Amino acid sequence: MTNRPSYYITTAIDYVNGRPHLGHAYEKVLTDVLARYQRRQGADVFFLTGVDEHGMKVQQSAAKQGRQPQEFCDEMAGHFRALYDRLNISYDDFVRTTQPRHKEVVQKILQQLFDAGEIYSADYEGYYSTRLEQFLTEKDRVDGKFPESFGEVVFLQEKNYFFKLSQYQGWLLEFYQNHPDFIYPSFRTKEVLGALQEPIPDLCISRPAARLSWGIPLPFDSEQVTYVWFDALVNYLSVLGYERGQAGGRWPAVHVIGKDILVPPHAIYWPAMLKAIGVAQPRQLVVHGWWTQNKEKMSKSVGNVVDPLELIDLYGVDAFRYFVMREMALGYDADFSEEQFKLRYQSELGNTLGNLVNRSVSMIHRYRGGVVPSPMEPGTEAGEGFRRDVLESIRVYRENMDKLQLHVGIMELWKGLMRVNQFVDETAPFKMAKDEARRAELDHVLHELAAALELFAQELQVLLPGTALKMCEQLGGGLQSSISQELHWPESVAGRHLGQAQVLFPRLEETPSPKPA
RNA sequence: GGCAGCGUAGCUCAGCGGUAGAGCAGGGGACUCAUAAGCCCUUGGUCACAGGUUCAAAUCCUGUCGCUGCUACCA
């Protein structure tokens with residue numbers, strides 16, 4: 001047993017029908033940063049990500065390639081997992097909806113609800129497009145006819161199962177009125193409340209197995225397979241284990257999702273489902289926005305989809321993590337442009353951070369043989385000011401992280417780094433080095449530099465885990481997995497033997513023009 | 001149509017009741033430890049527009065315009 005607070009955080013599970021893109025990568029980095037941040041705060045973090053593998057599109061894609069759905073899923077899941085490993089995502093578990101542990105929980109929940117009379121069967125009839133594999137509504141008609149794009153349209157009558165969602169409308173309304181901070185950013189709550197103004201119909205949760213075979217069979221009707229939400233959403237519970245009304249010990253979760261799956265799935269279906277099975281509501285929904293590319297919507301048809309792997313190959317994992325966290329205000333949309341990426345890389349990572357580490361480590365090597373000297377006794381007013389400014393930037397960074405204002409927090413941290421660069425110039429250790437009489441002063445300045453960098457390295461392991469590790473190697477120390485309550489100036493760096501100076505973020509070469517040898 | 005978010009320096013954004021801010025980009029300067037990096041100074045905004053509340057409004061209220069998004073009986 002531990003007395004550390006539990007923190008269960010999840011990403012949306014990605015649908016394996018397509019390759020992962022920038023949006024997928026962003027969401028996982030975001031969740032990873034929050035998870036790592038909480039771990040440093042001392043929380044007992046459990047971080048879940050994974051993939052959604054059932055459904056018509058997967059069934060069709062597999063068939064198109066003449067393969068079994070499971071085989072197809074195995075390959076696609078591999079792509080996602082490979083990307084997340086590449087991104088240094090510190091997930092504790094990777095769920096796949098085709099895993100037995102998941103199917104078992106889905107069936108338990110369906111059976112529980114069926115037994116409780118929360119699920120009923122009904123016949124549905126309507127026009128159905130065989131080409132799109134979906135039912136059509138009257139508004140799909142153009143001039144009284146279904147357009148050519150639907151292909152053959154037939155009138156179908158079939159049996160389906162429904163979840164009594166409509167009876168939770170009043171409860172949902174009240175829930176959101178009483179929990180204005182359940183969704184971050186809170187303005188999204190208004191969208192949910194808006195949706196709840198209209199009557200919500202019961203939720204169809206099944207498909208005849210004859211039409212859709214790639215899914216989890218209903219435990220009470222083998223002719224039917226459950227459809228989308230009772231499969232996908234349940235992943236959040238299934239990895240924790242579930243017995244009637246009893247979620248695993250790490251529940252409730254913080255769900256990180258995109259704005260596209262807030263209403264209705266995560267804001268309406270999921271709370272109602274949890275309520276129906278007697279499980280507590282999630283702790284919070286963190287809803288992020290979308291990336292555009294040079295102000296245009298990213299889409300496969302426009303051909304402006306950004307491949308995260310390409311960027312990582314070119315600039316490194318940490319540069320990618322930095323950019324997506326720094327550029328997007330959590331909850332809002334942001335624009336992706338490689339120009340902007342390069343600017344931030346060069347200026348903020350290369351110059352402000354990388355060069356600072358490099359110049360500091362180099363000076364300690366050059367002037368003190370790579371051993372961090374001891375500071376002077378009670379610092380001067382100016383020296384105290386430096387410490388105070390650095391600590392303040394970290395304090396404000398954390399304050400903003402706590403409020404999920406990640407990009408603001410990062411800006412604050414960089415203000416601190418700039419303060420250190422400023423310190424180098426105002427104390428000019430390279431001038432002190434030429435004057436033997438200023439030996440103690442130089443010792444002090446070099447110590448303060450190492451101490452400041454030590455502080456930043458420890459903070460940066462959340463955002464830039466690889467870089468933080470490199471910084472620690474150069475500083476002759478190691479990463480601390482969790483933080484102490486009070487921020488304090490690390491005098492313990494005195495006496496450390498530094499590692500070799502190494503460039504963290506190499507300058508980007510100009511447009512490669514062939515140079516004569 | 002309903003609702004929401006945004007509209008602050010060339011660009012990206014912070015500020016959200018008390019004399020307009022940061023980073024980048026542009027211009028100038030002093031330095032040399034360092035990835036021709038860093039530091040200092042500087043150009044640049046009637047805080048979309050119009051009303052209102054207030055001793056005082058980017059900051060609160062109303063309206064207008066612009067951009068974006070969500071939503072309008074897919075079982």
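Worth saying up front: this structure is predicted, and the values here are computed from it rather than measured. Below, all heavy atoms of this structure are taken into account, side chains as well, without hydrogens, waters or symmetry copies.
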Open item on the list: I'd like to check the side-chain hydrogen bond (donor to acceptor under 3.5 Å, both in side chains) partners of A:Asp389; sequence neighbours left out, ordered by chain and number.
Closed with: A:Arg419
- [ ] Kindly write out the residues that satisfy salt bridge (Lys or Arg N to Asp or Glu O under 4.0 Å) with A:Arg344, not counting sequence neighbours, or none if the list is empty.
- [x] A:Glu327, A:Glu348
Open item on the list: Pairs counted only when both distances fall under 3.5 Å, Watson-Crick or G-U: show me the 5' to 3' dot-bracket for RNA chain B, [ ] for pseudoknotted crossings and | for other-strand partners.
Closed with: ((((((((.[[[[.)..(..]]]].((((.........)))).....[[[[[..)....]]]]])))))))....
Open item on the list: Suppose you measure atom P in B:U53 against the same atom in B:C61; what distance do you get, rounded to whole Å?
Closed with: 15 Å
Open item on the list: Each nucleotide in nucleotides 32-39 of chain B should get exactly one letter: B, S or -. Can you fill that in based on protein heavy atoms under 4.0 Å?
Closed with: SBBB-SBS
Open item on the list: The side chain of A:Met411 is closest to which nucleotide in this list: B:U12, B:A14, B:G5?
Closed with: B:A14
- [ ] Check every atom of B:A22, B:U68, B:A14 against the side chain of A:Asp333 and return the nucleotide holding the closest atom.
- [x] B:U68
TODO: Please list residues of residues 217-233 of chain A whose heavy atoms come under 4.0 Å from any atom in RNA chain B, ordered by number; otherwise none.
DONE: none
Task: Which residue lies more 5' along RNA chain B, comparing A:Asp202 with A:Glu412 via nearest heavy atoms - done: A:Glu412
- [ ] Send over the distance from A:Leu343 CG to B:A25 P, rounded to a whole Å.
- [x] 7 Å
- [ ] Scan side-chain atoms only and decide if A:Glu454 and A:Gln458 contain a donor-acceptor pair under the 3.5 Å cut-off.
- [x] yes
Open item on the list: Just the rounded figure in Å: distance from C1' of B:C40 to CZ of A:Phe423.
Closed with: 17 Å
Open item on the list: Taking only the C1' atom of each, what is the distance from B:G38 to B:C31 in whole angstrom?
Closed with: 10 Å
Task: Rounded interatomic separation in angstrom, taking CD from A:Glu348 and C1' from B:C11 - done: 13 Å
Open item on the list: Mind checking if A:Val357 touches a base, just sugar-phosphate, or nothing, with heavy atoms under 4.0 Å?
Closed with: nothing
Task: Contacts of type side-chain hydrogen bond (donor to acceptor under 3.5 Å, both in side chains), residue A:His54, not counting sequence neighbours - done: A:Asp231
TODO: Could you tell me which residues satisfy side chain to side chain contact (heavy atoms under 4.5 Å, CB included) with A:Asn178, sequence neighbours excluded, listed by chain and number?
DONE: A:Glu174
TODO: Decide, for B:A58, between syn and anti: a glycosidic angle within 90° of 0 counts as syn, anything else as anti.
DONE: syn
Open item on the list: When you measure from the side chain of A:His21 to the backbone of A:Pro308, do you find a donor-acceptor pair of N or O atoms at a distance under 3.5 Å?
Closed with: no
TODO: Using the test salt bridge (Lys or Arg N to Asp or Glu O under 4.0 Å), find all partners of A:Glu27 that sit at least two apart in sequence or belong to another chain.
DONE: none
Task: Rounded distance (Å) that lies between atom P of B:G15 and atom NZ of A:Lys403 - done: 7 Å
Open item on the list: Say we look at B:C60 and B:G15: how far apart would their P atoms be, to the nearest angstrom?
Closed with: 12 Å
- [ ] Whole angstrom is fine here: how far is it from CG in A:Leu196 over to C1' in B:C70?
- [x] 13 Å
Open item on the list: Counting only side-chain nitrogens and oxygens, does A:Lys190 get under 4.0 Å of the OP1 or OP2 atom of B:G5?
Closed with: yes
Task: Validation row, ring centre A:Tyr332 to ring centre A:Phe187 under 6.0 Å - done: yes
- [ ] Figure out the CG/C1' separation between A:Leu417 and B:G23, and round it to whole Å.
- [x] 13 Å
TODO: Could you tell me which residues satisfy side-chain hydrogen bond (donor to acceptor under 3.5 Å, both in side chains) with A:Glu392, sequence neighbours excluded, listed by chain and number?
DONE: A:Arg395
- [ ] Measure the distance from CG on A:Leu330 to C1' on B:A14 and round it to the nearest whole Å.
- [x] 16 Å
Open item on the list: Between B:U8 and B:G21, how far apart are the two C1' atoms, rounded to whole Å?
Closed with: 10 Å
Open item on the list: Does anything in residues 464-477 of chain A form a side chain to side chain donor-acceptor pair (under 3.5 Å)? List the pairs, not counting sequence neighbours.
Closed with: A:Asp318-A:Thr467
Task: Any A:His407 side-chain nitrogen or oxygen under 4.0 Å from OP1 or OP2 of B:A14 - done: yes
Task: Non-neighbouring partners of A:Tyr176 that pass side chain to side chain contact (heavy atoms under 4.5 Å, CB included), sequence neighbours left out - done: A:Leu172, A:Phe182, A:Ile183, A:Thr189, A:Val192, A:Leu193, A:Leu196, A:Ala267, A:Pro271
- [ ] Can you sort out the partners of A:Gln197 under side-chain hydrogen bond (donor to acceptor under 3.5 Å, both in side chains), two or more places apart, ordered by chain and number?
- [x] none
Open item on the list: Counting the benzene-type ring for Trp, do A:Phe323 and A:Phe336 have ring centres under 6.0 Å apart?
Closed with: yes
- [ ] Write down the distance separating the P atoms in B:A20 and B:G44, rounded off to the nearest Å.
- [x] 16 Å
Open item on the list: Rounded to whole Å, please give me the gap between CG in A:Asp335 and P in B:G69.
Closed with: 13 Å
Open item on the list: Distance check, P atoms only: B:A48 and B:C11, in whole angstrom units.
Closed with: 14 Å
Open item on the list: Using atom C1' in both nucleotides, what's the gap between B:G17 and B:C47 to the nearest angstrom?
Closed with: 15 Å
Open item on the list: Measuring only the P atom in each nucleotide, how far is B:U19 from B:A57? A whole number of Å is fine.
Closed with: 12 Å
Task: Toward the 5' end of RNA chain B, by each residue's nearest nucleotide, A:Asp123 or A:Asp260 - done: A:Asp260
